[in-house]
Every structure is written in structure tokens, then in C-alpha cells.
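To start, the structure itself, in C-alpha cells.
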Protein chains: 2
Amino acid sequence: MPAHAPDKQAVACDGVTTLADLIGYQLRRASIFDLQGAAAALAPAEARPVLMSVLLSIVETPGMTSADICRALSMQRANIVPILADLEQRGLFRRETDAADRRIQRLYPTRRGTEEAARWLALVDEHEQRMLQRLGPTERRELRRLLELIWQGEIES
Amino acid sequence: MPAHAPDKQAVACDGVTTLADLIGYQLRRASIFDLQGAAAALAPAEARPVLMSVLLSIVETPGMTSADICRALSMQRANIVPILADLEQRGLFRRETDAADRRIQRLYPTRRGTEEAARWLALVDEHEQRMLQRLGPTERRELRRLLELIWQGEIES
DNA sequence: TATTGTTATACTCTATAACTATA
DNA sequence: TATAGTTATAGAGTATAACAATA
């Protein structure tokens, strides 16, 4: 077999020749599809995906600062300000200026915040169950694992 | 075992309790990570992911109309106008008004368009190989299959 | 000098409404 | 009436620059 002719096995493994072959394209289509469903699922609670992500961060790790959350979610500090203002106005968390470093505010969920986070999570989970109905439990776990593997390169590189 | 206590197996299968458990969250993080890399990979060619998607559509299915492409890529007709204007100005495709129905323009790639599409695809493929370095060939195929399964619900439902 | 929280602003992407020409 | 291509515009989401307070 000549060296310049790709063999069939190589082509089957990673020969990207069309748009649909690109995993990045599939990722985007699936992500947009999910995001629209998640937004629709949260609408009755007057919430949005980004509100849920920030609130869940506070609930899961009480005492986080807004800068911490921004680093964890890869968003700009400037853009979390109106989101926190929204959640605060609903009484879902409270700010506590750190005694040792008065530049930072530690964020703690209120009782209502913890309850609301669970409610929002359940709404989105319902949507996910519909979205993933064609996938079995093993496939769902495998998908989560593969997706994590991809964007964990974000920190390393 | 009491009915109200979820057994361990059920929790392990679909007990979503944190943000990281949500496949939608993992999808978004992975998709954003990919999109930034793809944009960076295409920048030297003065292209963007959406330009590549539209050009590849024309190359893969010559004779498509702009409305066809919008339906295939789930984008608004209004938003493809400046994209086509850009690609046309670079001489990557030509429009041909359909003789039977003079409302529609069929789009055909030029020689340069086909070459440029292949070049852009190669740039993005390079980026994907880096992004997917932790995944083996079988895992990549499995990931593509699972992602397709998710957003194919877009058409049905 | 560096970081936090904040404001103001710009830029990109996407969505909507309306128009014309054709059918 | 319905669709294709187009224009103009509005809205989200995200990015950048600068500021005061604090370390």
C-alpha cells in the first residue's frame, strides 16, 4: 500500500470530511437544543440557566465570592453583577463582607435560596430526562464523562 | 425498603443533585470551549465557524437555496444574508436564479470555494484533534453518535 | 502593584417585523 | 395566501476599560 494513500481504517477513525463529521458542530447543535429546552423549563419559575448556575454555585459552596464563581463558571466579573442583584432581590442569598479582607464579600444561600435552587434543578432535570430519552443510563454517564474530558483542557492549556 | 427512600441504584443512574451532574451544563462548557478554539483556528484564514458551516453546506449540497441552509442549520433567514454576502465577495460561490421558480436562488460553489472549504475544515480538524486528545477513536465515534441522538429530537418534537 | 466589586460601554449573535417579488 | 430574499432594528450574551476601595 502506497504511503500517501490513507487506508480505510484511518479514514473510518478520524477522516473528517463533512460538517456533520465535526464533533464541534454536533456539540454546538446539541448544546443549543439543550439551552432552549432548559430556558423553557425555567421560564415558569422566572429563572434562566445562568441564574440557576450562579445560585447552585452559592448553594453548593457557601462562602464563595463573586470572583470565585466567575472563575469557576468562566464568566466575566462585570457580567455577574446584575445576576447577583437579581438573586439578591429575590432574597435567595446574602452577602457578608469578609472580616480579614474587606475587599471581598462571601455569599451564603438563604433558606429560600436553597429551596429555590432545588426547585430550579428539578425543572431542568425534567427537561433533561426528555432530552436524553433515547440514551440509556450507561450512555448518559459516558456522555457526561466524555464532555468533562473535553473542557477540562480549558484549565490545563 | 420504604417507598419514599430512593435506592442506591436509582441515585447512581439519574440522581441529579449538582450543577456538574447536568449534562446540559457539561454540553455548554464543552461547546463554548470548542467554539473558542475553532474561532482561533479559523482566524488566520479570516473565517469564522458560521462562515465555514454555510460554505460547507453549499459545497456538500450544490444547488441548495439560502432558505434550505437556514432550515438545515436552524438559523434565521435574515441572519444568513451578510454571511452569504461575505462568501460571495470572496468568490467562493455563485447564485443562480431558478428558472422554474424565480423567487429562489440556487447556490453553487466555485473552484476556489471548494478549495477554501477544505482548507477551513482542515484547520478546524486540527483544533479538534488537540481538543479530543484525551479521547480514543472509539470514544470519539461514541460521542458523535450520542450528540446526534440528542438534537435529532429537534425535528421530531 | 494586585485584587474585588462595580459602572459604563462596545461588540457579537440571534430574533422579530416588515417589505418586494414571485408563486 | 404563502414563500424567498432582503432590510432594519431590537434584544441577549459577552467582552473590555476604567474606577474606588482595599490589600
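Quick note on labels: first sequence line is chain A, next is B, and so on, each numbered from 1. Keep in mind that this is a model prediction, so the values were computed, not measured.
With respect to B/Arg94 and B/Glu96, a salt bridge is recorded, a charged nitrogen being found less than 4.0 Å from a carboxylate O. The existence of a salt bridge linking A/Asp98 and A/Arg102 is excluded, since no basic side-chain nitrogen approaches an acidic carboxylate oxygen closer than 4.0 Å.
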Quick test: give all pairs of protein nitrogen or oxygen and nucleotides 19-23 of chain C nitrogen or oxygen below 3.5 Å, distance rounded to 0.1 Å.
{"residue": "C/dA23", "atom": "OP1", "partner": "B/Arg102", "partner atom": "N", "Å": "3.0"}

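Regarding A/Ile80, its CD1 atom lies at a distance of 12 Å from the P atom of D/dT14, rounded to whole Å. As a whole-Å value, the separation of A/Asn79 CG from C/dG5 C1' is 13 Å. Between B/Gln76 atom CD and C/dA18 atom P there is a gap of 15 Å when expressed in whole angstrom units. Rounding to whole angstrom units, CZ of residue A/Arg77 and C1' of D/dA15 are separated by 12 Å.
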Could you walk me through whether B/Gln26 and A/Arg145 pass the side-chain hydrogen bond (donor to acceptor under 3.5 Å, both in side chains) check? CA-CA 9 Å; B/Gln26 301 292 341; A/Arg145 184 181 74 84; over 6 Å; no

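Checking A/Gln36 against A/Arg106, the closest nucleotide of DNA chain C that is more toward the 5' end is the one next to A/Arg106. Comparing A/Ile104 and A/Ala78 against DNA chain C, the residue whose closest nucleotide sits nearer the 5' end is A/Ile104.
Each end of the helix from C/dT1-D/dA23 to C/dA23-D/dT1 gets its own axis, taken as the rotation carrying the C1' atoms of four end pairs onto the next four within a five-pair window, and the two axes meet at 0° to the nearest 10 degrees.
Contacts with DNA chain C (heavy atom under 4.0 Å) in residues 48-66 of chain A: A/Thr65, A/Ser66, listed by number.
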